[in-house]
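Below, chains carry the letters A, B, ... as their sequence lines are ordered, and counting in each starts from 1. Please read these numbers as outputs of a predicted model, since none were measured by experiment.
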Protein chains: 2
Amino acid sequence: MSTLESQTTSIARKVTTQAVMRTVLAEGAISRTDVARLTGLSKQTVSEIVRSLEDDGWLKPSGRTDGRLGRQAITYEINADAAHGLAIDVGGTKVAAAIGDLLGNIKAEVMLPTDPRGGTHLVDHLGRVVEQLAAEAGVALADLRVAVLGTPGVFDPETGHVRIAPNVPGLENIDLRQLMGDRLGCPVIVENDVNLAALGEQWRGQGAELNDFAFVALGTGIGMGIIANRRLVRGARGAAGEISYLPLGADPFDPRNFTVGTLEAAVGAAAITRRFAGYGGPSDRTVKDVFAALAEGDGLAAAAIEETARLVAVTIASVGAVLDPEVVILGGSIGARDELVAAIRRFLPRCTPTPPPIAISRFGNRAGLIGGISVAVAHMLDELFGIPLDQAAPSVGRLLAVSQG
Amino acid sequence: MSTLESQTTSIARKVTTQAVMRTVLAEGAISRTDVARLTGLSKQTVSEIVRSLEDDGWLKPSGRTDGRLGRQAITYEINADAAHGLAIDVGGTKVAAAIGDLLGNIKAEVMLPTDPRGGTHLVDHLGRVVEQLAAEAGVALADLRVAVLGTPGVFDPETGHVRIAPNVPGLENIDLRQLMGDRLGCPVIVENDVNLAALGEQWRGQGAELNDFAFVALGTGIGMGIIANRRLVRGARGAAGEISYLPLGADPFDPRNFTVGTLEAAVGAAAITRRFAGYGGPSDRTVKDVFAALAEGDGLAAAAIEETARLVAVTIASVGAVLDPEVVILGGSIGARDELVAAIRRFLPRCTPTPPPIAISRFGNRAGLIGGISVAVAHMLDELFGIPLDQAAPSVGRLLAVSQG
DNA sequence: CAAATTCGTCAGCGTCGTTGACAAATACAT
DNA sequence: ATGTATTTGTCAACGACGCTGACGAATTTG
């Protein structure tokens with residue numbers, strides 16, 4: 001049985017079954033009577049539906065109620081092992097992969113160096129990694145229902161190609177979705193890595209419960225994932241949040257800034273080391289070195305980092321003016337550093353009357369992977385039960401509550 | 001009968017009735033057989049539902065099919081007169097108001113000077129205007145189901161007050177929604193005027209069929225309405241699109257720019273006349289005068305306007321980098337001027353590698369009013385039939401098509 | 001142990017939507 | 001003009017769904 005419905009299920013049964021699933025999903029272990037109360041359905045109907053869902057393996061008994069008066073009830077919960085999904089985060093230096101169940105519990109996870117040859121070699125490598133991961137998680141490869149792939153750059157759904165991914169060689173010339181789909185034998189969703197990180201923070205991180213926030217990743221480059229009205233904003237061509245092209249930090253009318261991105265040239269990792277050297281520091285230092293020097297009280301390092309913080313503050317002010325986010329979450333190898341964040345927090349109120357609160361990514365370099373798992377879960381729930389993840393249970397409650405009056 | 005359901009309507013009947021309404025809404029005049037085909041329901045069921053909807057006044061026969069083989073069918077369509085809504089656009093100098101029916105057809109419309117005393121005087125004035133408008137439209141005031149009020153500034157749903165509305169006196173200190181609601185006796189929705197303009201363009205203007213675009217209003221000040229994923233983006237505090245605070249055009253760290261908005265001081269109407277005077281032109285000219293001088297080949301006027309165009313181009317580049325809109329629609333008394341738009345179109349490709357297309361508002365100074373009508377229609381459809389306007393008919397088609405398999 | 005309470009199932013019933021048949025209406029071919 | 005194919009619209013019968021009320025089972029409270 002691949003999806004919820006058998007052949008002769010009526011639409012009414014489907015709607016009520018979805019309502020039951022949503023309720024169990026939202027409440028966790030719950031008795032049938034409580035499901036009936038919450039959905040407005042009768043005990044009888046709920047019992048029938050739960051029985052059928054249990055027969056099909058989507059629900060399972062999980063225990064009994066206690067502490068309440070009267071007879072104990074059997075509680076039911078989602079059978080998380082009924083489906084599994086895969087997430088892969090492909091970075092310039094490392095790939096991370098994880099397999100999660102229907103509730104997003106991670107069953108196995110690895111992080112490895114990226115195959116430097118890129119392109120189809122990368123696909124092969126990922127294929128082997130996933131096979132091993134599946135074995136470790138105790139899931140047959142054929143049982144994976146969806147794979148979510150996070151990559152730098154802009155994914156074009158029309159061609160299946162990734163555009164503008166300078167850090168991963170050979171990614172732009174292959175139909176990544178097609179190749180990975182063939183290799184894994186399941187649908188593949190490709191998404192920008194920073195967008196996935198934003199979704200990860202939305203799912204179980206700093207953005208949980210928020211309708212509107214932005215995730216700014218600061219590392220080799222700078223990028224942003226936008227959540228507005230609880231949904232990811234991709235823009236018309238999937239390039240929303242590509243703030244490396246913001247006209248800040250350099251003359252926007254200088255055509256040299258077209259290739260790198262006006263802002264990226266000013267706040268990226270290279271900019272910090274360049275600036276450090278420009279102020280008179282050694283020219284062979286990495287960003288990590290500069291931060292180490294800052295910790296030891298080096299004034300040049302402080303100046304180099306302050307300058308970046310100042311520009312990031314103006315960037316956040318710009319984003320704040322456009323989007324009015326509830327919070328801006330900082331992530332990435334540089335963006336999540338306390339010293340930088342502290343400096344940004346100092347600058348921000350000085351360049352905008354309404355500075356958005358700043359938070360540090362909860363998941364660090366795993367945010368993209370977590371976000372990938374969340375997308376996989378959302379895809380599975382939608383496929384299996386027709387439940388959009390962003391349509392939380394409360395709305396269902398209302399829908400059905402109306403039907404009683 | 002205030003809403004769709006009678007007391008004993010089951011949830012199944014409600015769902016199918018909604019599906020029928022959505023189909024008629026999307027298709028216009030349509031026969032019952034075609035509704036059955038599109039929804040996947042049986043002819044019999046559709047006939048029953050249409051009969052009941054006709055009895056309740058929501059649908060009406062509209063003609064007969066022809067040109068097809070076989071017996072002619074009676075077509076049905078929405079009875080647009082079954083409900084009416086009101087839109088009011090309150091500006092600093094003028095107020096516009098319109099009454100529209102369930103399909104958004106405008107039955108009566110006026111534009112008048114804003115009561116300069118503001119505050120409760122404004123409410124009184126609007127009340128009288130609406131009474132006259134209702135009489136003109138042939139709608140009893142008590143039959144208005146919703147009023148949509150567009151105002152400058154940021155509306156706070158918690159308090160019912162409008163914040164930061166410098167152009168309309170006394171608007172910030174009254175509970176506008178409450179007062180208008182009491183006066184009109186129907187629910188009142190208050191929304192930023194530029195957001196409404198964006199919704200207007202989305203409904204039947206330059207943004208129709210687009211998932212992601214931005215509406216930039218340039219006049220006394222500068223503001224933006226954002227549509228992303230087909231939905232209006234308001235932000236956490238309703239201040240999304242308040243781009244007057246973008247750190248462009250002046251030193252963002254200069255605290256003087258906090259009150260006016262860094263950008264607004266550089267591109268607003270006052271900036272054009274100030275710049276014109278600064279370049280050596282007469283200091284008592286209005287924006288209209290400056291544009292007139294430009295038309296006569298005045299170099300000073302050209303320079304003043306070019307400078308604004310340059311800054312607006314950078315602004316649009318910023319917005320483009322953040323949101324990746326499919327198009328940026330320009331509106332407002334200044335923003336919609338051809339000469340300015342032409343200059344902006346020249347500058348834009350020089351400051352960003354991915355310049356979004358520029359369009360000129362289709363509705364001009366009526367955009368906010370049209371948007372208000374669209375919100376009123378959406379509200380009525382949702383209230384009466386549970387149909388969110390942004391959830392178009394296609395998705396319903398899919399839902400029901402599945403139920404057949 | 002008795003009373004109160006809650007859980008879970010059974011039987012009966014009404015509503016909803018579908019199916020198949022059939023009369024009515026219309027276009028097209030001859 | 002006439003007959004045939006096609007489409008519309010309604011009727012009756014039927015099955016699926018969900019609700020109600022009743023009742024036994026299980027558990028807490030006094």
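The salt bridge (Lys or Arg N to Asp or Glu O under 4.0 Å) contacts involving residues 66-85 of chain A comprise Asp34(A)-Arg68(A), Asp81(A)-Lys107(A), where partners must be two or more places apart or lie in separate chains.
OP1 or OP2 of dG17(C) has at least one side-chain nitrogen or oxygen of Thr16(B) nearer than 4.0 Å. The shortest distance between the side-chain N/O atoms of Ser47(A) and the OP1/OP2 oxygens of dG8(C) is not below 4.0 Å. A close approach under 4.0 Å does occur between a side-chain nitrogen or oxygen of Ser42(B) and OP1 or OP2 of dT18(C).
Side-chain N/O atoms of Glu48(B) and base N/O atoms of dC16(C) include no donor-acceptor pair closer than 3.5 Å. A donor-acceptor contact under 3.5 Å is formed by the side chain of Arg71(B) with the base of dT8(D).
Taking every heavy atom of both residues into account, Leu210(B) and Gln202(B) meet most closely at O-NE2, 4.5 Å. Counting all heavy atoms, side chain and backbone alike, Leu102(A) lies closest to Ala82(A) at CD2-CB, 4.4 Å. Closest heavy-atom contact between Gly85(B) and Met380(B): N-CE, 3.6 Å.
Between the C1' atom of dG17(C) and the NZ atom of Lys14(B) lies a distance of 17 Å, rounded to the nearest Å. As rounded to whole Å, 18 Å separates atom P of dT7(D) from atom CD1 of Ile74(B). In this entry the distance linking CZ of Arg13(A) with P of dC16(C) reads 18 Å, nearest Å. Between the C1' atom of dA26(D) and the CD atom of Gln72(A) lies a distance of 8 Å, rounded to the nearest Å. In this entry the distance linking CD1 of Ile30(A) with P of dT6(C) reads 16 Å, nearest Å. Rounded to an integer number of Å, the gap from CG of Leu41(B) to C1' of dT19(C) is 14 Å. The CD-P distance, from Gln18(B) to dC16(C), rounds to 15 Å in whole Å. The NZ atom of Lys43(A) sits 15 Å away from the P atom of dT5(C) (whole-angstrom rounding).
A salt bridge is defined here as a Lys NZ or Arg NE, NH1 or NH2 lying under 4.0 Å from an Asp or Glu carboxylate O, and Glu48(A) with Arg13(A) meets this definition. Salt bridge Lys60(B)/Glu54(B): absent, no basic N to carboxylate O contact under 4.0 Å.
Considering Asp101(A), Leu381(A), Leu59(A), Leu53(A) as possible partners of Ile78(A), the one that fulfils the side-chain contact (heavy atoms from CB on, under 4.5 Å) test is Leu59(A).
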### Task
Apply side-chain contact (heavy atoms from CB on, under 4.5 Å) to the pair Leu184(B) and Leu144(B), showing each step before the final yes or no.
CA-CA 8 Å; Leu184(B) 299 173; Leu144(B) 288 179; 5.5 Å; no
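Within 4.0 Å of Thr33(B), counting heavy atoms only, lie sugar-phosphate atoms of the nucleic acid but no base atom. Residue Gln44(B) is classed as a base contact, given a heavy-atom separation below 4.0 Å to a base.
For the pair Val46(B) and Thr75(A), both in contact range of DNA chain C, the more 5′-proximal nearest nucleotide belongs to Thr75(A). Both Arg51(B) and Ala12(A) sit near DNA chain D, but only Arg51(B) has its closest nucleotide nearer the 5' end.
Listed candidates were dT10(D), dC7(C), dT18(C). Nearest to the side chain of Thr45(B) is dT18(C).
Within residues 62-70 of chain B, the residues that have a heavy atom under 4.0 Å from DNA chain D are, in order of number, Leu69(B), Gly70(B).
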